[in-house]
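Predicted model only: the values in this text are computed from it and were never measured.
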Amino acid sequence: MGKYIVSIGDSNKYEVEFPGSIDDFKNSSQIKELKEKATDFLKEKFPMGGFADIVPFHIEEAHGTTNYPKLDMTNISDMLKSATTQIGVEKFTDKLNLNAPFDKD
């Protein structure tokens, strides 16, 4: 049984146990379902899209003992709220940068 660490962007990290390699885990139905939930949630908040590159999905192998919480349905909503905040900050920064060339010192 392998242990993997999952996060979206700069969200908290969560531990998932999976009986297979990291490549098997990345291609598993569990991860596909999580990505679908994340995409659906974010599309609802940001219907114009453009969030996939802002909030990347991270999966890594856990080395040794970890103290991360186990990923469950409660944590998924926390992870998605964090992703929503990150997108909001990024979009706000983009909007500020639009005016940067015209800013007077």
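In this structure, E36 does not pair ionically with K32, as no charged nitrogen and carboxylate oxygen lie closer than 4.0 Å.
Between Q30 and the choices V6, V16, L71, the side-chain contact (heavy atoms from CB on, under 4.5 Å) rule is met once, by V16.
Summarising the local packing, OH of Y68 is surrounded by 12 or fewer heavy atoms from other residues, nucleotides or ligands at distances under 6.0 Å.
Side-chain rings of F25 and Y4 approach one another, their centers coming within less than 6.0 Å.
Side-chain atoms of K70 and E17, non-hydrogen and from C-beta on, do get closer than 4.5 Å to each other. Two residues are said to be in side-chain contact when any heavy atoms from C-beta on lie closer than 4.5 Å; E60 and K13 meet this criterion. S7 places none of its side-chain heavy atoms less than 4.5 Å from the side chain of Y14. You'll find the side chain of I31 stays beyond 4.5 Å of the side chain of K26, heavy atoms only.
Put simply, NZ on K35 and CD1 on I59 are 5.5 Å apart, with the number rounded to the nearest 0.5 Å. Note: I22 CD1 to S28 OG = 11.0 Å, rounded to the nearest 0.5 Å.
Every side chain to side chain donor-acceptor pair (under 3.5 Å) that T66 has, sequence neighbours left out, goes to E15.
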